[in-house]
Amino acid sequence: MPGGSEDERDLVDRAKRNPEAFGALYDRYFTQIYRFAYSRVRDQSLAEDLTSEVFFKALRNINRYTYAGHPFSSWLYQIALNAVADHYRGQRGELELEDATSGGTPSGAVVDEVIRRDRSRRVWSAIDQLPKQQRAALILKFAEDRKIDDIAQILGKSSGAVKLLLHRGVERLRKELPPLEGDVEVGFEPGS
Amino acid sequence: MWRSALNRDPELEELFASGPHREVVELLQASRPAQPPLDPYFRNHLRMKLMAEARRSISPRSQPRWFAWPRTPLLATAAAAAAVVLTVGVYHALHQAPTAVAVVPPGIGLIRTAEPIRIAFTGPVDKNAVAQSVRIEPATLYTTRWDGQTLVIIPLHPLASNTGYTVKLVPQTAPAPNTVAATAAPPVVVRFVTTPAAVSPVVPPSFRSDNLTFVGEISIADPGAVTSASWTPDGQALIVTRTVAEAVTLGPSPSAATLPPVVPEVWSMTPQGTLVRRLATRATLPAVAPDGRHLAFWRQDRPDQSSLWVSAFEDDGTHATQIATVGGLPNRPATWVGSDRLAYGDAGTLRLVDLQGTPPPLTVAITPGAAAAAINDGRFLATATADGAAIFDVASGQSKVVSAGAATTFAWSSDGRLAFILSAASGPQLWVAAPDGLKQLAASRSGDRWSDISWSPDSSSLLVASRGASTDAQPSAFFVNADGSGKPVPFAAQDREYTTPRWSPDGGSIVFLRGDETGRARLWVATVRIGELSPADAAQLDAVHVVTRFLDARQRGNLADAQAELGPQALATYQNGNLPLVTAPGDPYIARSYVFGVQLVSPDQFLVTVRIVLADPKTHQEIQFFEEHLTVVRHGERFLIDAVQPGITTIIGQGPSVVSVQVQSAPPHQQVTVKFDADLAAATVSRESIYLRDSSGQRTDPTDFQFDPNTRTVTIMAKLHQGRYTLVVTTGVTDVNGHAAAQEYDYTVVIGSGND
């Protein structure tokens with residue numbers, strides 16, 4: 001489904017001429033971009049810096065933005081992705097996920113909750129070990145709920161390529177994730 | 001148990017059919033990252049910086065129109081702000097937990113709206129951390145600066161009247177080892193209430209010369225401290241040029257140091273003389289854009305060269321953009337042409353330039369050093385040419401000479417007339433050009449020199465600065481009617497000096513310079529009284545006086561005094577138990593109350609809405625307010641409260657609130673002005689989120705809808721007929737922190753016979 005409502009396109013057009021309209025765009029997309037930045041760096045101060053960079057770059061380049069069937073936010077994500085990549089160029093961020101997962105709210109025994117939290121932590125940690133493109137695709141899909149078409153536009157790839165990235169990423173996570181206890185078959189030697 | 005999560009996304013379901021994949025996908029979906037920690041003040045701060053940059057880099061363009069005289073715009077009014085410096089607390093913050101020792105308690109003293117908030121510290125603190133820990137409710141955009149150990153919090157716009165504010169210093173992070181403990185201290189909370197707003201007159205005042213009376217004048221700056229002053233477009237502040245000693249680095253021999261050079265700076269200042277904020281350094285001849293968003297100023301680069309700069313008004317000049325260069329030092333500020341272009345004289349040429357420094361294709365040959373003035377919307381520019389006083393259509397370049405002769409000063413009225421002074425051989429002449437012709441208003445036969453024309457807010461008269469023919473004659477000033485009627489009326493005493501007088505946008509004050517015995521100029525502000533009250537305004541004052549007595553009695557808990565202001569019907573309404581007149585001991589008590597809005601129903605009847613604020617009896621914090629609509633009717637010689645209708649009840653601290661509603665007749669329309677307490681997210685303010693509906697519940701299409709973020713004011717123009725309407729402010733309106741009001745706000749608008 002093509003993204004970007006008429007209302008949004010009108011707002012973007014006005015933002016090219018009217019500072020107040022740009023402010024409205026900021027109000028509309030700040031939360032998404034900040035959340036995306038934070039999900040990538042897990043550091044509030046750094047996320048603030050990156051968010052600031054994204055919107056200033058958007059402001060400076062808004063006249064170059066043209067609607068191509070995707071929401072304006074896809075363009076902002078593109079800028080954010082580049083900003084994150086620039087940040088990590090030559091520097092590897094330490095991601096501390098201990099407190100960064102909210103998890104579902106499964107009731108049950110404490111031990112189940114501990115196991116679930118542990119696996120959550122592992123799976124999100126594992127995402128950060130994925131190749132860059134796979135990582136970005138998974139975050140946009142699972143943390144930002146973006147459509148595959150939008151992700152394709154953000155990453156500059158085809159929808160098919162994004163599906164492949166998601167598939168490979170999930171497959172790799174599956175391999176990284178230790179099996180649940182119930183899934184492990186332990187053999188006993190009779191009589192041992 | 002997490003299978004349902006996957007089912008929400010068909011794309012994922014299609015992609016990951018296999019069991020092992022599904023387990024990972026479900027885990028990812030169910031354990032997605034929590035909402036990140038977000039400092040709402042970062043969001044605001046970034047928005048401010050972006051908007052400053054956006055206003056610098058994106059210039060809105062008005063559509064050029066054919067050369068035609070403008071229609072009469074509606075009169076805009078602005079209230080003058082009062083001022084008092086507030087010192088709210090003192091911190092002990094050196095290697096120990098800071099303690100507030102002098103916090104203004106709630107309910108003591110009313111704080112004026114245009115003032116910065118100052119928090120003094122007894123020792124060194126982590127200034128960045130402390131400045132970043134500021135929180136203001138209702139949501140308020142602000143900047144901070146430090147005066148030594150005093151944190152100065154400067155709201156970007158004057159605070160709202162009649163509003164309880166909470167300023168907090170909230171530590172954000174634990175202090176690093178070996179640093180001062182300021183940011184780890186318990187939060188400091190300061191609460192204060194701003195001054196009430198004046199009740200607007202029913203009938204717009206007339207500023208005709210015979211209706212104006214000089215009341216008094218006060219000096220608001222030390223001799224020599226300020227060298228020029230003008231009003232901001234909203235009339236809330238002054239823009240002044242002052243000279244300060246420039247910081248210098250001493251050479252190897254400090255004893256040989258000479259006095260540091262002085263440099264001019266541009267500051268904003270309250271009309272009471274408090275310096276608020278530095279707007280630009282090494283700057284002079286400032287000019288604020290009509291929309292109040294940008295400041296233009298000149299800097300002298302070398303003795304033979306100056307440059308024109310522009311900066312966002314919120315900025316301190318450090319992000320200013322140089323947009324033009326001229327030889328020498330100009331003798332006057334650049335002229336704003338609309339709010340996105342500037343005109344400036346460059347020898348014998350008047351040039352236009354936009355905010356990026358791009359010169360539009362219009363240059364005008366002018367008398368060297370000539371003045372220029374642009375009409376409010378920037379379509380026309382008046383200046384002096386070799387042919388005389390001329391008006392240029394900025395879009396087309398087409399010109400029209402309105403008068404031959406040497407014109408020296410120009411000023412456009414709010415309704416599109418041009419006043420100018422001609423230097424005739426016999427002396428100066430004051431002329432007004434209008435689409436229907438040219439009229440001479442006054443002429444001097446004594447060789448005086450006239451300058452500095454200011455129009456009254458209603459365009460009915462002008463203030464003109466004058467200096468006698470003799471070299472030692474004192475400059476003075478006079479009023480003259482714009483229609484040529486009557487004689488010029490001297491302003492105040494003619495033996496006193498009034499140099500460069502500037503009439504405030506609300507017409508109530510005049511700022512001017514006057515030399516003292518040492519020859520240095522002082523900055524003064526004079527107060528002007530606007531004539532006698534109209535019968536309707538006098539009646540309104542009487543009605544409001546009754547209501548004020550009624551509210552005071554209720555606040556004091558004096559039932560008998562409160563009942564004395566009530567007619568039988570209203571008394572019955574309060575006595576039947578539906579509405580309490582006074583509060584019971586132990587219940588939330590009336591902390592304050594005020595007249596929220598007054599509507600003229602007929603010459604002898606007003607609908608007065610009052611807001612009553614309740615405070616918690618234990619904490620004394622304001623927790624709730626409710627409104628009552630009082631019908632106040634003349635009974636013989638006095639007014640009584642005849643009827644009462646309960647209004648909205650609201651918990652304080654839940655998003656933006658309306659602080660006043662004003663309904664004025666602006667034939668053939670009605671103008672409804674709604675003021676808010678919080679800085680609003682502009683994108684949420686629209687005809688859909690704030691509207692009028694008639695008694696049948698149908699929305700009324702406004703003929704105009706304006707939002708001014710500087711004054712947090714929405715102005716709705718609509719053709720309303722006699723009857724009742726409801727102003728609706730929906731919960732779609734949010735403050736700059738994204739918070740919406742907890743409930744819709746409704747206000748009854750009555751269009752009576754008195755509004756016709």
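The analysis underlying the following values was restricted to heavy atoms, covering all of them including side chains, and did not include hydrogens, waters or symmetry mates. All chains are named by letter (A, B, ...) in the order of the sequence lines, taking the proteins before the strands, and each is independently numbered beginning at 1.
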Give, for atom [atom1] of [X] and atom [atom2] of [Y], the distance between the pair rounded to the nearest 0.5 Å.
X        : Y        : atom1 : atom2 : result
B/Arg47  : A/Phe30  : CZ    : CZ    : 11.5 Å
A/Ile148 : B/Leu15  : CD1   : CG    : 5.0 Å
B/Leu46  : A/Tyr26  : CG    : OH    : 3.5 Å
B/Phe16  : A/Glu171 : CZ    : CD    : 9.5 Å

Worksheet item: For A/Leu25, is it the side chain, the backbone, both or neither that has a heavy atom under 4.5 Å from a heavy atom of chain B?
Response: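 A/Leu25 has no heavy atom closer than 4.5 Å to chain B.
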Fill in: Interchain contact, A/Ile127 with chain B, by part (heavy-atom threshold 4.5 Å)
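When you check distances to chain B, only side chain atoms of A/Ile127 fall under 4.5 Å.
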Discussion item. Under a 4.0 Å threshold between the charged nitrogen and the carboxylate oxygen, would B/Glu11 count as salt-bridged to A/Lys163?
Written reply: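 Salt bridge absent between A/Lys163 and B/Glu11.
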Worksheet item: What are the two closest non-hydrogen atoms of B/Ala683 and A/Ala24, and how far apart are they?
Response: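 Residues B/Ala683 and A/Ala24, closest heavy atoms: CB-CB, 3.4 Å.
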Fill in: Nearest heavy atoms of A/Leu59 and B/Leu50, plus distance in Å
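Distance-wise, the nearest heavy atoms are CD2-O, 3.8 Å.
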Worksheet entry | Residue pair B/Thr684, A/Asp27: steps toward the side-chain contact (heavy atoms from CB on, under 4.5 Å) verdict | CA-CA 9 Å; B/Thr684 67; A/Asp27 294 339; over 6 Å; no
Discussion item. So, using side chain to side chain contact (heavy atoms under 4.5 Å, CB included) as the criterion, who are the partners of B/Ser689 when residues are at least two apart?
Written reply: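 Here the qualifying residues are B/Ser686, B/Thr730, B/Val733.
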Without placing hydrogens or testing angles, list every side-chain donor-acceptor pair under 3.5 Å for residues 153-160 of chain A, not counting sequence neighbours.
from	atom 1	to	atom 2	distance (Å)
A/Ser158	OG	A/Ala161	N	3.0
A/Ser159	OG	A/Asp149	OD1	2.6

Item to complete: May I ask you to name which of A/Ala47, A/Ala15, A/Gly23, A/Ala58 has the most heavy-atom pairs under 4.5 Å with chain B?
Response: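 Going by pairs under 4.5 Å, I would pick A/Gly23.
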